[in-house]
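Just so you know, ligand 1 is whichever comes first in the structure, and atom 1 is the first atom listed for that ligand. Quick note: residue numbers are just sequence positions, from 1.
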Amino acid sequence: MHDATHRLPQRRALVTPLPGPRSAALAARRDAAVAAGVGSTAPVYAADADGGVLVDVDGNSFIDLGSGIAVTSVGASHPRVAAAVAEQAARFTHTCFMVTPYEGYVRVAEQLAERTPGAHDKRSVLFNSGAEAVENAVKVARLATGRTAVVAFDHAYHGRTNLTMALTAKNMPYKARFGPFAPEIYRMPMSYPFRDEPGLTGAQAARRAISRIEAQIGVDSLAAIVIEPIQGEGGFIVPAPGFLAALADWARAHGVVFIADEVQTGFARTGAWFACEHEGVVPDLIALAKGIAGGMPLAAVTGRADLMDAVHPGGLGGTYGGNPVACAAASATIAVMRELDLPARAREIEVAVLPRLRELATETPVIGDVRGRGAMLAVELVRPGSTDPAPELAKAVAAEALSQGVLTLTCGTYGNVIRLLPPLVIGADLLADGVGVLAEALRGCARRP
Ligand SMILES: *Cc1c(COP(=O)(O)O)cnc(C)c1O
């Protein structure tokens with residue numbers, strides 16, 4: 001793995017107990033000013049971040065294995081992105097594309113048409129968040145088909161707005177007591193190889209979902225299938241090979257819009273530009289956000305021109321959608337990803353990390369499953385000898401790793417999955433150190449009664 005040069009020293013170094021005094025003081029201010037409903041994984045406050053490290057306000061340097069939830073794939077302060085942001089901000093920060101359009105928006109739409117799967121004619125519309133992108137993809141699908149029902153899957157995560165909460169599967173913390181939810185959402189079984197009956201193929205898992213769709217909804221009512229090609233918050237669930245393709249084929253045959261939510265899997269994260277490519281699937285619409293703009297808030301729906309252009313002028317948009325500073329960041333980010341060949345970097349990360357996790361699984365019976373693609377990797381923790389989830393263990397391991405200077409995230413319907421989403425520009429040595437600390441944390445916590 002090529003080690004790029006970075007502004008900050010790429011090392012793990014703790015200089016205070018955690019949280020340090022400055023973070024502790026900020027936490028007290030926060031409690032008095034910030035709503036309790038916003039959680040934070042780490043008790044430390046960020047001061048600086050670059051490449052694979054994040055430095056807190058007390059000078060502690062952490063290895064970042066989370067990328068702010070799969071966002072800072074090019075690092076949190078890539079000089080090309082920072083320069084593009086500064087340059088655009090010095091010209092104009094906003095006009096509203098719906099009032100006075102600008103080239104940056106058009107350029108991002110061109111880049112998305114070029115980069116996303118499929119050689120067909122495409123159009124894009126830009127937004128601010130992943131939830132907004134998913135919600136608008138559903139709007140497009142309903143209008144273009146004249147149908148209302150939408151299928152989502154077990155373990156799905158699509159956001160926190162009313163419609164995307166309805167699409168999301170998990171009760172706590174995303175949905176509990178926030179209802180009533182948007183109607184006409186139907187949940188179908190996902191392909192989850194670790195928890196499905198052994199040997200269930202992707203085609204069989206797709207058939208299981210399709211027969212329920214046909215029985216419970218009826219094809220004539222179904223506007224869209226919304227699916228993450230690899231589920232993110234739900235537990236980094238990689239469906240069995242053929243599952244996505246079978247669903248997409250069935251959708252195409254019945255005039256159902258196949259929407260890939262690539263908000264987390266997109267932009268080089270899984271070793272391809274988009275995770276659908278691993279399965280040879282070309283979605284009708286694709287929802288994008290997170291890694292798209294090097295940390296600036298930007299999201300998009302890109303898809304078949306005939307579907308996108310079915311919407312009347314004025315039917316899509318938003319005050320800030322496709323903000324010019326965010327667009328400048330996205331174009332710089334996409335250029336960096338291409339020049340550094342970050343899909344290849346993601347594959348290198350998989351080759352470096354996955355065997356270590358598999359080895360760890362052979363000696364640690366609490367690891368029930370090791371899975372993922374590219375730089376989207378996870379271990380699912382269970383009670384030894386069973387598939388019973390061990391969420392408290394996942395929490396303990398993440399806390400122990402953090403106390404040693406390594407930031408990881410947990411996820412999963414059962415909260416028992418530790419996920420790794422390192423910046424794609426992380427150096428090989430730093431990554432090895434981070435995974436080593438995680439492995440030690442896992443061994444140590446697994447031994448505890
Ligand atoms: C994060 C995420 C979303 C929501 O994105 P926001 O920008 O937080 O609204 C939607 N879908 C998937 C798959 C995600 O990972």
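- For Ala131, heavy-atom contacts with ligand 1 shorter than 4.0 Å involve the backbone as well as the side chain.
- Side-chain atoms of Gln264 and Glu233 include a donor-acceptor pair closer than 3.5 Å.
- Residue contact check: Glu228 has heavy atoms under 4.0 Å from atoms 13 (C) of ligand 1.
- For Lys175, the NZ atom is densely surrounded, since the number of other residues' heavy atoms within 6.0 Å is greater than 12.
- Using a 4.0 Å cut-off between heavy atoms, Lys290 contacts ligand 1 through its side chain alone, with no backbone atom that close.
- Among the atoms of Val134, none of the N or O lies under 3.5 angstrom from an N or O of ligand 1.
- Atoms of ligand 1 found under 4.0 Å from any heavy atom of Gly130 (numbered from 1 in listed order, with element): 4 (C), 5 (O), 6 (P), 7 (O), 9 (O).
- Annotation: Arg91, atom CZ; neighbour count of heavy atoms from other residues, nucleotides and ligands within 6.0 Å does not exceed 12.
- In this structure the side chain of Arg419 reaches within 4.5 angstrom of the side chain of Ile69, judged on heavy atoms.
- Distances below 4.0 Å separate heavy atoms of Gln264 from the following atoms of ligand 1: 15 (O).
- Of the protein's heavy atoms, at least one falls inside 4.0 Å of atom 6 (P) of ligand 1.
- The side-chain heavy atoms of Ile237 and Phe194, taken from C-beta on, include no pair separated by under 4.5 Å.
- Contact check for Trp250 versus Ile225: side-chain heavy atoms found under the 4.5 Å cut-off.
- Using 4.0 Å as the threshold, Gly232 has no heavy atom nearer than that to any atom of ligand 1.
- Of the candidates Asn323, Leu112, Val301, Leu126 forms a side chain to side chain contact (heavy atoms under 4.5 Å, CB included) with just one, namely Leu112.
- Taking all heavy atoms of Asp261, Leu298, Leu288 into account, the minimum distance to atom 11 (N) of ligand 1 is reached by Asp261.
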